[in-house]
Amino acid sequence: MILHLDMDCFFAQVEERENPRFKGKPLVVGADPKSGKGRGVVSTCNYEARKFGIQSGMAISKAYKSCSQATYLPVNKELYSRVSENIFRIVEGVSKIYERVSFDEAYIDLSKVVKNYKEAEKIGESLKKLIFRQENLTCSVGIGENKMVAKIASEEDKPDGLTVIKPSQTLKFISKKPIRDIPGIGPKTENKLEKLLGRSNLKIKDLKALSKKQLIDEFGKKGEDTYFKARGKDRSKVGSENKTKSLGREVTFDENTTDPEEIIYTFKNISKEVSGLAEIEKRKIKTVVVVCRFEEFDTYTRQISFDPVQPTEELIYKKGIKLLLRLFLKKARPVRLLGVRVLFG
DNA sequence: AATTCATTATCAC
DNA sequence: CTAACGGTGATAATGAATT
């Protein structure tokens with residue numbers, strides 16, 4: 001028995017809480033729109049902004065065109081992180097078996113906490129109340145027999161919703177949902193599935209037309225997962241904290257550049273940031289990866305591995321710049337984005 | 001033959 | 001009329017290089 005907790009438009013809601021004058025008017029948290037010339041995206045927006053068609057992940061320039069009168073705020077990670085910690089302290093009080101998906105999303109395994117769905121619903125209600133009393137924030141909760149069902153259920157009645165799907169209701173509940181509601185099916189997979197079945201607007205029940213073999217041949221492991229998920233089955237565990245496997249930074253230039261000085265200078269900066277963060281981890285690194293996106297949006301990575309060593313700024317910079325310059329000199333085109341990432345040993 | 005490395009693709013949030 | 005498009009981290013597939 002799994003509970004999925006999802007804070008309602010988290011970043012925007014926190015900003016409204018901190019500054020109630022933002023309430024009742026469109027609010028967008030994300031990149032600086034720069035009067036329509038900004039290059040980033042929307043992180044989150046409140047429901048008033050959604051009325052203008054604004055959504056998470058949308059280009060900030062597009063959002064600005066739809067609603068230039070909205071308030072645009074930068075992402076204040078520090079603040080959301082603090083609030084998130086408070087929320088997870090409450091989560092921990094419900095069950096020690098939980099999974100932190102992001103600042104604002106969690107799975108909680110209730111199997112050892114309650115005997116039936118009636119009790120699970122009570123837990124859901126009290127969790128919502130605790131979060132609202134202690135943090136003055138609303139969330140949506142979904143409860144189901146596995147992570148997928150819980151997650152789809154939490155979407156059902158947003159914002160401030162609570163939806164319980166008993167196992168006997170699972171198939172009926174998921175069958176009419178769009179396939180994109182299945183975690184792991186993104187735009188590419190949706191598109192491929194539409195081509196396979198020869199039509200669009202696919203529902204989860206439509207996936208039953210594909211055999212397990214067909215799905216595995218086409219999508220590998222993900223295909224096998226999809227086969228089961230289409231039938232309401234998801235055996236993935238609610239996994240607690242895992243060690244970080246990699247850490248990186250990337251930046252998009254305000255304007256594409258071919259200036260080697262600017263590229264090298266920027267690379268030095270992000271190398272420094274990554275080394276700073278990596279040193280805090282107190283772990284050795286074994287690979288440096290550089291990322292370079294050119295103006296046509298084509299993105300390349302180059303990486304070098306070595307015997308694990310304590311990360312230093314010099315090491316990351318020296319290993320990385322070699323890879324980067326090789327790429328840049330070969331392509332000789334304007335660069336849009338640079339990144340560097342380290343993999344821990 | 002098995003493991004690691006390098007690269008790309010895809011996804012979530 | 002259309003396109004516009006971050007940053008961080010994970011996992012999988014695939015082929016080449018090493019052990």
Side-chain angles (χ1 to χ4, degrees), chain A residues 4 6-7 9-11 28-34 36-44 53-66 74-75 77 80-81 84 99-107 147-148 151 154-155 179-193 216-226 236 239 242-254 256 270 273-274 277-278 281 286-293 295-308 319 323 326-327 336-345:
Chain A
H4 183 249
D6 197 353
M7 299 303 298
C9 54
F10 184 54
F11 297 176
V28 178
V29 181
D32 183 346
K34 298 185 177 169
K37 293 187 173 355
R39 300 184 101 173
V41 299
V42 173
S43 279
T44 323
I54 300 176
Q55 289 177 296
S56 298
M58 175 182 278
I60 199 77
S61 55
K62 185 177 177 182
Y64 192 79
K65 275 184 184 164
S66 328
V75 177
K77 266 179 91 177
Y80 317 140
S81 168
S84 178
E99 178 177 335
R100 192 184 300 241
V101 180
S102 65
F103 277 175
D104 77 317
E105 227 188 290
Y107 289 101
K147 283 167 77 171
M148 177 192 67
K151 166 120 190 160
S154 71
E155 290 295 313
I179 59 172
R180 277 298 298 276
D181 285 10
I182 296 179
I185 296 191
K188 303 284 185 181
T189 309
E190 177 182 38
N191 198 270
K192 270 208 216 172
L193 284 166
I216 291 172
D217 287 352
E218 198 67 29
F219 301 101
K221 186 178 162 33
K222 216 161 231 164
E224 188 177 13
D225 291 348
T226 300
S236 61
N242 258 5
K243 274 188 286 187
T244 313
K245 298 185 172 104
S246 74
L247 179 164
R249 277 280 287 140
E250 52 190 50
V251 287
T252 295
F253 293 104
D254 286 342
N256 302 344
I270 59 177
E273 289 185 55
V274 168
L277 293 167
E281 294 276 323
K286 66 168 165 53
T287 306
V288 171
V289 190
V290 303
V291 186
C292 188
R293 169 131 79 217
E295 69 178 345
E296 272 90 37
F297 233 78
D298 48 330
T299 307
Y300 302 86
T301 68
R302 291 293 180 266
Q303 65 186 66
I304 180 75
S305 298
F306 39 82
D307 292 336
K319 297 277 187 191
L323 298 168
R326 219 159 48 196
L327 230 183
R336 181 184 180 96
L337 166 149
L338 280 187
V340 63
R341 170 165 297 274
V342 295
L343 312 185
F344 293 106

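Each chain gets a letter, A, B and so on, in the order its sequence line appears, and its residues count up from 1.
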Under 30°, 30 to 60°, or over 60°: which ring-plane class applies to Y80(A) and F11(A), parallel, tilted or perpendicular? parallel

At 4.0 Å (heavy atoms only), tell me whether K151(A) reaches a base, stays on the sugar-phosphate, or touches nothing. sugar-phosphate

Give me the first and last nucleotide of DNA chain C, going 5' to 3', that has any atom under 4.0 Å from a heavy atom of chain A. dA3(C) to dA13(C)

Roughly how far apart are R293(A) CZ and R336(A) CZ, rounded to 0.5 Å? 7.0 Å

Which residues share a salt bridge (Lys or Arg N to Asp or Glu O under 4.0 Å) with D307(A), sequence neighbours left out: none

Separation of atom OH in Y80(A) from atom P in dC13(B), rounded to whole Å: 19 Å

To the nearest angstrom, the CD1-P distance between I185(A) and dA12(B) comes to 9 Å

Students often get this wrong, so: under 4.0 angstrom with heavy atoms, is V75(A) touching a base, only sugar-phosphate, or nothing? nothing

For dC11(B) and dG6(C), measure between their C1' atoms and round to the nearest Å. 15 Å

In whole Å, I'd like the distance from the CZ atom of F103(A) to the C1' atom of dA12(B). 15 Å

Sequence-distant partners of K221(A), side chain to side chain donor-acceptor pair (under 3.5 Å), two or more places apart: none

With sequence neighbours left out, what residues match S56(A) under side chain to side chain donor-acceptor pair (under 3.5 Å)? none

Both R336(A) and S246(A) contact DNA chain C. Which one's nearest nucleotide lies toward the 5' end? R336(A)

Roughly what angle, to 10°, lies between the helix axis at the start of the helix from dA1(B)-dT19(C) to dC13(B)-dG7(C) and the one at its end, five pairs per end? 10°

Contact class for T244(A) vs. all strands (heavy atom < 4.0 Å): base, sugar-phosphate, or nothing? sugar-phosphate

Can you sort out the partners of K319(A) under side chain to side chain donor-acceptor pair (under 3.5 Å), two or more places apart, ordered by chain and number? none

Any carboxylate oxygen within less than 4.0 angstrom of a Lys/Arg side-chain nitrogen, looking at E281(A) and K243(A)? no

Could you check whether K62(A) gets within reach of a base, just the sugar-phosphate, or nothing at all, counting any heavy atom under 4.0 Å? base

Residues which pass side-chain contact (heavy atoms from CB on, under 4.5 Å) with T287(A), listed by chain and number, not counting sequence neighbours: V289(A), Q303(A), S305(A), L343(A)

Which part of the nucleic acid, if any, lies within contact of R249(A), taking any heavy atom under 4.0 Å across all strands shown: a base, the sugar-phosphate backbone alone, or nothing? sugar-phosphate

Would you mind reading off the distance between D225(A) atom CG and dA12(B) atom C1', rounded to a whole angstrom? 15 Å

Show each protein N/O and nucleotides 6-8 of chain B N/O combination with a separation under 3.5 Å, one pair to a line.
{"unit_1": "dA6(B)", "atom_1": "OP2", "unit_2": "S305(A)", "atom_2": "N", "d": "3.0"}
{"unit_1": "dA6(B)", "atom_1": "OP2", "unit_2": "S305(A)", "atom_2": "OG", "d": "2.4"}
{"unit_1": "dT7(B)", "atom_1": "OP2", "unit_2": "Q303(A)", "atom_2": "N", "d": "2.8"}
{"unit_1": "dT8(B)", "atom_1": "OP2", "unit_2": "T301(A)", "atom_2": "N", "d": "3.0"}
{"unit_1": "dT8(B)", "atom_1": "OP2", "unit_2": "T301(A)", "atom_2": "O", "d": "3.4"}
{"unit_1": "dT8(B)", "atom_1": "OP2", "unit_2": "T301(A)", "atom_2": "OG1", "d": "3.4"}

Integer angstrom distance from the P of dA4(C) to that of dC13(B): 24 Å

So V289(A), base contact, sugar-phosphate only, or nothing? Heavy-atom distance under 4.0 Å. nothing

Specify the residue among K65(A) and V42(A) whose closest nucleotide of DNA chain C lies further upstream toward the 5′ end. K65(A)

Between P on dA9(B) and CG on N191(A), what's the gap in Å once rounded to a whole number? 16 Å

Applying side-chain contact (heavy atoms from CB on, under 4.5 Å) to E190(A) and not counting sequence neighbours gives I179(A), R180(A), I185(A), E194(A)

What residues form a salt bridge (Lys or Arg N to Asp or Glu O under 4.0 Å) with E224(A), not counting sequence neighbours? none

L193(A) CG to dC11(B) C1', straight-line distance once rounded to whole Å: 14 Å

Just jot down the ring pair (Phe, Tyr, Trp, His ring centres under 6.0 Å) partners of F253(A), sequence neighbours excluded, or say none. none

Can you list everything that forms a side chain to side chain donor-acceptor pair (under 3.5 Å) with Q55(A)? Sequence neighbours excluded, please. none

